[in-house]
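Before any comments, here is the structure.
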Amino acid sequence: MSAPVEVSAREAEVLQLIGRHLSNAEIGAQLFISVRTVESHVSSLLRKLGAPDRRALARRAAEPARPALPAPATSFVGRVTERAELAAALATHRQVTALGAGGVGKTRLALAVAADVAGSYRDGVWFVDLAPTGDPRMVAAAVAGALGLGEQPGRGMAESVSAALADRQALLILDNCEQVRDGVADLADRLLAACPQVTVLATSRARLLVPFEHTYPVPPLSLSGDGTSEAVALFVDRAAAGGARPEPAVRDAVAAICRRLDGMALAIELAAARWPALGPDGLTAALADPLRTLAGGSRAHDRHRSVRAALDWSHDLLDPDAQALLRRISVFAAPFTVAAAAEVAGVEAGTAADGLARLAEQSLLVVSPAPAGTRYRALESIRQYGAERLAVAGEEADTRARQLCWCLAAAAELAAGGDDWRARFDAVADDLRAALGWAADRCAPPPNTARPGTPGDAAPAGPHPGGDRAALRADAYLLASRLAELAFTRNLTGESQQRYEQAAGLAAEPARAAPMLRRAAAVAGCRTRGDDAYRLHRAAAGAARLAGDVAGAASDLATAATCAYRFSTKFERLPAPAEVLALLTEARQLAGTDPAACAAVALAEAAVLADAFGAAQGPPDNAVPDTMAAAERAVTLARRTGDPIAESAALDALTGAQSWAGDTFGTAATARRRITLLRSLPETPASAHELVDALGMAVETSLGVGDLPGAYRWGRQLADHPLLAEVGHRATAWLLVADALAGNVAEIGTRGDRFREGWRRAGSPATAVFTPAATGVATIHALRGDEAARREWAEIRDRLGTPPEHTYGYGAVFDALRLLHEGDPAAAVDRTAPQPDEVWKWVTWIWLHWYVALRAEAAVLAGDPAARDRVTAARAVVAGNPVATALVDRAAALLDRDRDRLLGALPAFEAAGCHYQAARTLVLAGGEHAERGSRLLADLGLVPMARPAV
């Protein structure tokens with residue numbers, strides 16, 4: 001296996017931004033460093049990663065991270081036979097589980113074998129330690145974290161992991177699976193089905209019980225050869241590390257000790273740590289009493305007990321304070337600091353520091369020095385042993401309660417932010433989850449009682465350290481809500497939704513459950529999970545009703561109804577129109593005169609009754625004036641509430657109504673108003689969901705009015721939003737449309753790569769909203785003369801879907817662009833034959849100005865008798881659109897054979913950054929202008945176009 005490439009943290013940040021296709025100047029602005037420094041980092045990355053160019057770096061950035069395997073602090077000893085056997089098993093089976101008792105050495109063997117076989121896996125080896133993961137539902141998230149993946153909107157973590165590994169040839173090591181076996185089994189089953197070149201190596205104390213699982217029992221270290229056995233070799237190596245290598249003369253005594261310990265690796269290491277202090281006689285005597293308990297039972301059972309005996313012995317040699325510290329720190333799921341240990345163990349910081357050092361000296365803790373401070377962790381077997389001792393001592397409740405308090409404080413501190421926020425969250429996240437899991441389990445209602453947050457479940461059901469069960473439940477509620485917020489900020493949106501729902505379940509009263517359910521619904525919206533958002537809004541309405549908040553219930557019901565129409569494309573199963581109408585009717589009855597409820601009902605009426613969002617299930621017989629009136633009423637009522645998010649949602653309805661009415665400029669202005677409302681709001685799930693939608697609408701409507709610079713500005717802000725970090729196709733789709741219309745061929749290449757990679761990683765979803773981007777890219781490749789690339793993107797377009805707007809909207813626009821370039825204006829006339837007002841309301845959408853302008857030019861170049869009428873009609877439609885007006889002016893000049901007027905259109909194209917149309921204008925002008933235009937087309941990478949003379 002080749003040595004891992006050392007990439008600094010700053011270089012990793014630069015690489016990530018290169019993967020988002022940012023320029024050096026943009027990277028410098030984001031990282032607050034000079035362009036020259038960025039250039040230095042880029043050069044270093046090219047050299048370190050062996051990449052030929054920046055494009056290759058961008059592709060590398062899109063790949064899952066490939067960290068080196070964990071580097072054990074001590075050497076690996078022996079296991080020659082086992083290494084060969086386990087490697088052979090991996091070569092012939094895709095799911096191998098290394099089975100064995102705690103302390104037998106499963107993890108070390110798995111790491112050694114992984115290093116041996118890494119060269120056989122083209123895309124490397126990933127190691128995932130599941131010991132800190134106590135919830136089977138979090139297994140996929142743990143794997144995603146090890147792979148460097150975030151959650152993709154519209155799909156869960158397991159789907160994201162499967163998509164990322166679908167075409168990878170890799171070995172995935174899942175360590176310490178026993179406590180989350182069900183979650184591991186589900187994920188492994190999915191990976192084996194979806195990722196044909198991925199092999200899974202699990203270490204566990206019990207089988208996973210998945211199809212095609214091959215088990216490899218990990219035996220104890222070999223005892224054959226007495227003084228030269230593998231077990232003795234391990235003992236000697238570890239004793240030497242402690243400063244006292246056993247001499248050859250005492251190797252027989254060492255062999256006897258190893259036999260007493262049944263060759264169990266952890267037990268031998270613990271005993272070796274005592275060798276410098278006790279020597280052979282003292283160690284033999286110390287081990288004698290504990291090991292007498294091993295009499296009786298099967299030999300295999302004895303081997304399981306030998307580690308416990310060694311742990312008992314090591315524990316008994318500790319003073320009472322160290323014993324207490326060992327059992328109390330067992331509640332930590334992740335590495336911890338001295339300060340954290342002191343607080344959770346209930347001791348002074350100095351006492352904790354001294355005790356941790358002594359535990360580390362006895363190999364009971366692993367020490368990890370770091371610039372941010374030394375951290376400690378216990379091996380999983382020792383942690384589980386400590387947890388048992390904690391329970392026996394009757395200290396679990398008190399210790400867990402202190403950990404819960406520590407976690408609440410840590411979560412509150414994290415909410416304050418900071419430059420190293422992400423690293424600090426990752427360091428404590430597993431402990432926040434563990435503490436929440438304990439508290440939630442302890443205050444769960446007895447079976448067959450009402451759900452949390454409903455009447456009949458508010459009374460305390462038992463004692464709780466520092467208070468009653470009600471107090472514990474309040475703390476658990478608070479931690480769940482804080483973890484939900486933190487997870488959202490960390491872009492773990494799936495977990496955020498889960499934690500908000502958990503907080504709602506922990507709420508002692510419905511009034512506190514309702515806001516949690518609303519936030520969960522907003523997160524579901526960010527995840528493009530329409531079904532979940534709809535369900536959660538309805539659940540919030542139920543909680544609000546129980547709390548006596550009738551107006552809140554009305555708002556929730558109306559919002560659920562709106563969601564079904566406004567975000568209809570985000571649903572897997574749309575609710576029946578009759579069901580949604582019933583929600584709206586009920587919301588009307590409950591709203592009364594409450595301003596927020598009335599505004600929510602008005603928006604639902606605009607969505608459900610007036611089809612302001614153009615939903616697939618929308619009514620077919622509504623009229624423009626009715627839709628405009630409903631949307632304007634929704635905006636008026638929302639503005640009165642003083643809630644920018646409610647007003648933005650209503651403005652979205654107005655955007656749709658204006659577009660349908662043909663008010664392209666009003667549509668664009670309304671979209672910009674939304675961003676003005678939202679840009680200064682704090683980042684919450686609701687504001688983030690609304691802002692992403694608003695930015696997307698601003699890009700589309702800017703294109704509609706010919707504001708290409710504005711489209712790029714909003715498009716880059718959209719692409720930079722954290723919610724789109726894992727979905728390159730969503731982030732770049734509308735930027736690709738702008739590139740295609742402007743003729744930015746170089747950007748088409750880099751952004752197209754990111755789109756394609758993101759789309760494939762997302763599972764190649766058939767989502768028609770991305771078809772304009774694929775169509776535009778295919779058109780540019782046709783203009784480049786690259787038939788293979790055109791076919792590839794045409795196939796992507798067809799897989800995405802070709803709705804009606806492909807025929808009469810963007811499809812007609814891009815086809816006309818291509819046909820005119822190829823010198824076939826008659827075909828372009830046929831392609832744009834339908835009158836704009838004959839096409840259904842949503843089809844032309846932002847394409848109206850482009851459609852009528854290119855339609856006019858096609859008629860002129862084809863010599864169509866209706867050309868002058870088309871030019872006149874088009875001029876009235878596009879007035880105020882700089883690019884479309886320039887297209888129409890150019891068509892009129894061609895019709896009148898006026899070269900000077902034709903060239904007069906050139907500055908408008910250049911000002912808009914419309915490079916292709918600027919070059920085309922010169923070619924159409926003929927003569928020396930045509931030569932210059934041809935050179936510009938060649939510089940863009942496009943093939944020559946036909947040159948009709950004026």
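Start at 1 with the first residue, then count along the sequence.
Side chains of Thr684 and Phe488 form no contact here, defined as non-hydrogen atoms less than 4.5 Å apart. Using a 4.5 Å cut-off on side-chain heavy atoms (C-beta onward), Leu681 and Pro644 make contact. No side-chain heavy atom of Val344 sits under 4.5 Å from any side-chain heavy atom of Arg400. Residues Leu486 and Trp421 form a side-chain contact, since some pair of their non-hydrogen atoms from C-beta on lies under 4.5 Å apart. Side-chain atoms of Leu483 and Glu495, non-hydrogen and from C-beta on, do get closer than 4.5 Å to each other. The shortest distance between side-chain heavy atoms of Leu506 and Cys443 falls below 4.5 Å. Arg527 has its side chain out of reach of Lys570: every pair of non-hydrogen atoms, C-beta onward, lies at least 4.5 Å apart. Residues Val523 and Arg529 fail the side-chain proximity criterion, which asks for heavy atoms closer than 4.5 Å.
Shown here is Glu413, whose CD atom has no more than 12 heavy atoms of other residues, nucleotides or ligands within 6.0 Å.
The NE2 atom of His729 sits 10.5 Å away from atom CZ of Arg754, with the distance rounded to the nearest 0.5 Å. Going from atom SG of Cys526 over to atom CG of Leu724 covers 10.0 Å, rounded to the nearest 0.5 Å. Annotation: the span from Leu414 atom CG to Arg482 atom CZ amounts to 10.5 Å, rounded to 0.5 Å. With values rounded to the nearest 0.5 angstrom, Cys405 atom SG is found 10.5 Å from Leu479 atom CG. Between His689 atom NE2 and Thr493 atom OG1 the span is 11.5 Å, to the nearest 0.5 Å. Rounding to the nearest 0.5 Å gives a distance of 8.5 Å between CG of Leu691 and CG of Leu718.
Arg730 contributes no side-chain N or O that, together with a main-chain N or O of Ala719, makes up a donor-acceptor pair within less than 3.5 Å. Of the possible donor and acceptor atoms, one in the side chain of Thr676 sits under 3.5 Å from a partner among the backbone N and O of Arg672. Counting only distance, with no hydrogens or angles, the side chain of Glu343 and the backbone of Gln403 share no donor-acceptor pair below 3.5 Å. One N or O on the side chain of Ser162 and one on the backbone of Ala158 form a donor-acceptor pair closer than 3.5 Å. The closest donor-acceptor contact from the side chain of Ser555 to the backbone of Ala600 lies at 3.5 Å or more, if one exists at all.
Ala607 approaches Tyr565 most closely through the heavy-atom pair O-CD2, 3.5 Å. Between Glu572 and Asp531 the shortest heavy-atom distance is N-OD1, 2.7 Å. For the pair Ala524 and Leu536, the tightest heavy-atom approach, listed with the atom from each and the gap, is CB-CD1, 4.4 Å. Residues Pro335 and Arg375 approach most closely at O-NH1, 3.2 Å, considering heavy atoms. In this structure, Ala503 and Tyr477 approach most closely via the heavy-atom pair O-CD1, 3.1 Å. Minimum heavy-atom separation, Ala334 to Ala427: CB-O, 4.0 Å.
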Show the numbers, then the answer: is there a salt bridge (Lys or Arg N to Asp or Glu O under 4.0 Å) between Asp556 and Arg538? CA-CA 6 Å; Asp556 291 322; Arg538 295 191 65 177; over 6 Å; no
For Phe567 and Thr528, run side-chain contact (heavy atoms from CB on, under 4.5 Å): C-alpha distance rounded to whole Å, both residues' side-chain angles, the deciding distance at 0.1 Å, then the answer. CA-CA 8 Å; Phe567 301 113; Thr528 68; over 6 Å; no
Intermediate values then yes/no, side-chain contact (heavy atoms from CB on, under 4.5 Å), Leu174 and Val139: CA-CA 10 Å; Leu174 304 178; Val139 169; 5.7 Å; no
Cys407 and Leu436: CA distance, side-chain angles, deciding distance, side-chain contact (heavy atoms from CB on, under 4.5 Å) verdict: CA-CA 9 Å; Cys407 286; Leu436 175 58; over 6 Å; no
Applying side-chain contact (heavy atoms from CB on, under 4.5 Å), run through Arg402 and Trp406 and close with a yes or a no. CA-CA 6 Å; Arg402 287 193 297 268; Trp406 174 78; over 6 Å; no
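Side chains of Thr562 and Thr559: no donor on one and acceptor on the other come within 3.5 Å. A donor and an acceptor atom, one from each side chain of Gln497 and Glu501, are located under 3.5 Å apart. No side-chain donor-acceptor contact under 3.5 Å links Thr732 and Arg751.
Using a 4.0 Å cut-off between a side-chain N of Lys or Arg and a carboxylate O of Asp or Glu, Arg566 and Asp652 qualify as a salt bridge. Ion pairing of Arg490 with Glu485 is absent here, as no side-chain N (NZ or NE/NH1/NH2) approaches a carboxylate O to less than 4.0 Å. Checked for salt-bridge contact, Glu509 and Arg473 miss the test: no charged N lies under 4.0 Å from a carboxylate O. Arg674 and Glu647 are not joined by a salt bridge, as no carboxylate oxygen comes within less than 4.0 angstrom of a charged side-chain nitrogen.
No close placement of the Trp734 and Phe770 rings is indicated, their centers lying 6.0 Å or farther apart.
Asp135 pairs by the salt bridge (charged side-chain N to carboxylate O under 4.0 Å, His left out) definition with Arg137, not counting sequence neighbours.
Ring geometry, Phe571 versus Tyr534: the interplanar angle exceeds 60°, so the pair is classed perpendicular (tilted spans 30 to 60°).
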